[in-house]
Amino acid sequence: MQLALQNIFVQSLCALFACVAYGIICNAPRKELLYCGLNGFWGWFVYRLLYIQNENAAIATLMATMAVTAAARFLAYRREAPSILYHIPGILPLVPGTAVYQTMTSAINGQILETYSNALSIFQLAGAIGIGSLLILVLPHWAFAFSPLKKK
Amino acid sequence: MDYDTQLLNLALDAGEIMLKSGAETYRVQDTMLRMLSVTGREKIEALALSTMLIVTLPRESKGPLSMARAVKDRSVNFEKICAVNAMSRSFVAGEITLAEATERLEEIHQASSFSAKARIIAYGVTACGFSLIYSGTLLDGIAAFFIGMLLGMMVLAVSKTKAPYFFTSFIGGLLSGTFACLFHKILPQSQMGMIIIGSIMPLLPGLTMTKAIRDLLEGNFISGNSKLVEAFLVACAIAGGVALALSLLLSIL
C-alpha cells in the first residue's frame, strides 16, 4: 500500500480527487469540476517528474506552474470560462504547505536558523508560483487558440 | 433613474459580485470598462482596488457621472465569476438589453451553490488527498479526512457570523493541531505533521497569494500589496493556531 502511494500516477490521482473537492469548496460550476481535477493531476505529475530528476523544489514548482497555467489558459479558451477557474485548483498542490508547517515547528522549537531557512523557502516557492504564472499569462490570446479539437 | 445611472449601477453590481467571488483585479476592471464602453463615449474610467470600485462616465449635457462602491465581505465562488463573465459578454455584444442584464445579475446574486453536506465532505477529501500526496500513509489520510470535515463544519458555521476574516484560520489551525496531536497520541505510528499539513491545506491562502503576486507583477501595486498582507496574516493565523495547540498539548501530554 505504502509502495503504491509512492507511485507517481497514484499520487497524481490523489491530487485529481483533492482538486475536484477543492473545486466544490470554491463553488466551481458542476460541468467544469472534472477539468479542475485534471489540471491538478497534470500539475502534480509534472512536479513529481521534475523533482525526481533534479531534487530542486523551486525549479520543479516553476515548471509545473507554467504547465498548469498553460493548460488553464488552453481550457479557458476551449470552454469559454475565466482561466482562474482551472488555474487555482491546478496550483493548489504546489502551494508550499509543507514549508509553512516546517517554519512553524522550527519556530516553536526555538531553532532560529532553521526557521529562517524554512521561511526563505516559502518565499522561494511562492515566487516560483508567481513568476511561473506570469510567464504564461503574458502570452497573447492567440497563442492558445490552436487545436485540432472542435470548439465547444 | 436615467440610462447612465442605470448603466453605472449595472457595472458596479457586476464588479462587486466578481470582486466578492474572488476574481482577479484586472478582470474586474476589464469587465466594468467593457460594459461602460457600449455607450461609445471617450474618457470612461473603471478602477478596482481590493476593497473598492470606482467608475466614471462622461455625459453630453451635464458633467461627468462618477460612482464608488465599497466591497466588504469576500468569499470564493467561481460559478458567479463565470456567470457574470457570460452576462457581460452578451451585454457588450448587444444580445441583451440593460433591463435584461440587470435581471440576470439579480439571478446570479441568488444563485445556489453546493449544499453544506457536499462542501463538508469536499473539505475532508481535499485534506485526505493532500496528506496522501505529501508522502503521508493511509492512516494519516484517514485522520486528515475526518479533521478536514471538522474544519469544513467550522468554516461553514463561522461564515454565518460576522467574525474577523483571520478568526476562521486561527480556529482552523487550533482544531487541526489539537486533533492531529490527540490522534498521534492514540496511534503513535501516524505522522502528526502529515495530518496537519493535509488538513490545513484547504484553508491556506493559495488563491490570495497567487492573485497578489499577479497583481504586483502587472503593476496593480495597491491591490497586490493589500492582498499580500492578507495572505501573510492568514498564513500566520493558521501557523499560530497550530503552534498554540502543539505547544500546549505536547507539554501536557
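Just so we're on the same page: letters track the sequence lines, and every chain starts at 1. A quick note: this is a predicted structure, and the numbers were derived from the prediction, not measured. Values reported hereafter were calculated over all heavy atoms of this structure, with side chains retained and with hydrogens, waters and symmetry mates removed.
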(request) Let me see the working for B:Tyr134 and A:Trp44 under ring pair (Phe, Tyr, Trp, His ring centres under 6.0 Å), right down to the final yes or no. (result) CA-CA 11 Å; B:Tyr134 294 135; A:Trp44 187 253; 5.7 Å; yes
(request) Select one option (side chain, backbone, both, neither) describing which atoms of B:Leu207 are under 4.5 Å from chain A's heavy atoms. (result) both
(message) Are there over 12 heavy-atom neighbours, none belonging to A:Ile52, within less than 6.0 Å of that residue's CD1?
(response) yes
(message) Heavy-atom pairs under 4.5 Å with chain A: which of B:Ala239, B:Ala122, B:Pro205, B:Ala127 has the most?
(response) B:Ala122
(request) Kindly give the heavy-atom pair with the smallest separation between A:Gln11 and B:Ile133, and that separation in Å. (result) O-CG2, 3.0 Å
(message) Taking side chain as everything from C-beta outward and backbone as N, CA, C, O, which of these in A:Leu137 sits under 4.5 Å from a heavy atom of chain B? Side chain, backbone, both or neither.
(response) side chain
(message) Counting heavy-atom pairs closer than 4.5 Å to chain B, which one of A:Leu92, A:Leu13, A:Leu94 comes out on top?
(response) A:Leu92
(message) On a heavy-atom basis, which atom in A:Pro29 and which in B:Cys82 lie closest, and how many Å separate them?
(response) CG-SG, 4.0 Å
(request) Give the member of A:Ile131, A:Ile88, A:Val138, A:Ile91 that has the highest number of heavy-atom pairs under 4.5 Å with chain B. (result) A:Ile88
(message) Let me confirm one number: the CD1-CZ distance from A:Ile84 to B:Arg214, rounded to the nearest 0.5 Å.
(response) 6.5 Å
(message) Quick check: closest heavy atoms across B:Val242 and A:Met104, and the distance to 0.1 Å?
(response) CG1-CE, 3.2 Å
(message) For the interface with chain B, which of A:Pro82, A:Ser12, A:Ser133, A:Ala107 has the highest count of heavy-atom pairs at distances below 4.5 Å?
(response) A:Pro82
(message) If I measure from the heavy atoms of chain B, does A:Thr69 come under 4.5 Å with its side chain, its backbone, both, or neither?
(response) neither
(request) Could you tell me which non-hydrogen atom of B:Met201 sits nearest to which non-hydrogen atom of A:Val95, and how far apart they are? (result) CE-O, 3.5 Å
(request) Output all residues satisfying side-chain contact (heavy atoms from CB on, under 4.5 Å) with A:Ala72, sequence neighbours left out; order by chain, then residue number. (result) A:Asn39, A:Tyr86, A:His87
(message) For A:Leu134, which atoms come within 4.5 Å of any heavy atom of chain B: side chain, backbone, both, or neither?
(response) side chain
(message) Is it the case that atom CZ in B:Phe78 sees more than 12 heavy atoms from other parts of the structure closer than 6.0 Å?
(response) yes
(request) State the CZ-CD distance between A:Arg30 and B:Glu79, to the nearest 0.5 angstrom. (result) 7.5 Å
(request) For B:Phe166, look at atom CZ and say whether over 12 heavy atoms of other residues, nucleotides or ligands are found less than 6.0 Å away. (result) no
(request) Sort B:Asn85 into side chain, backbone, both or neither according to what part of it lies under 4.5 angstrom from a heavy atom of chain A. (result) side chain
(request) Flag the one option from A:Ile25, A:Ile108, A:Val20 with the top tally of heavy-atom pairs under 4.5 Å to chain B. (result) A:Ile25
(message) Checking B:Phe114 against A:Leu33 for the side chain to side chain contact (heavy atoms under 4.5 Å, CB included) test, could you report, in this order, the C-alpha distance in whole Å, the side-chain angles of both residues, the deciding distance, and whether it holds?
(response) CA-CA 12 Å; B:Phe114 286 95; A:Leu33 279 179; 3.9 Å; yes
(request) Please indicate whether B:Ile222 has more than 12 foreign heavy atoms, meaning atoms of other residues, nucleotides or ligands, lying under 6.0 Å from its CD1. (result) no
(message) On a heavy-atom basis, which atom in B:Pro202 and which in A:Tyr22 lie closest, and how many Å separate them?
(response) O-CE1, 4.1 Å
(request) For atom CE of A:Met63, decide whether the heavy atoms of other residues, nucleotides or ligands shown that lie under 6.0 angstrom number more than 12. (result) no
(message) Only pairs of heavy atoms separated by less than 4.5 Å count here; which of B:Ile196, B:Leu246, B:Leu250, B:Ile200 has the most with chain A?
(response) B:Ile196
(message) Please report the interatomic distance CD1(B:Ile195) to OH(A:Tyr101), rounded to the nearest 0.5 Å.
(response) 9.0 Å
(request) Assess whether atom OH of A:Tyr116 is packed by more than 12 heavy atoms of other residues, nucleotides or ligands within 6.0 Å. (result) no
(request) Under the side chain to side chain donor-acceptor pair (under 3.5 Å) rule, collect the residues that match up with B:Asp30, sequence neighbours excluded. (result) B:Arg34
(request) Could you pull out the closest heavy-atom pair between A:Asn27 and B:Val76, with the gap in Å? (result) ND2-O, 4.0 Å
(message) For the CZ atom on B:Phe170, are there more than 12 heavy atoms of other groups (residues, nucleotides or ligands in this structure) within a distance under 6.0 Å?
(response) yes
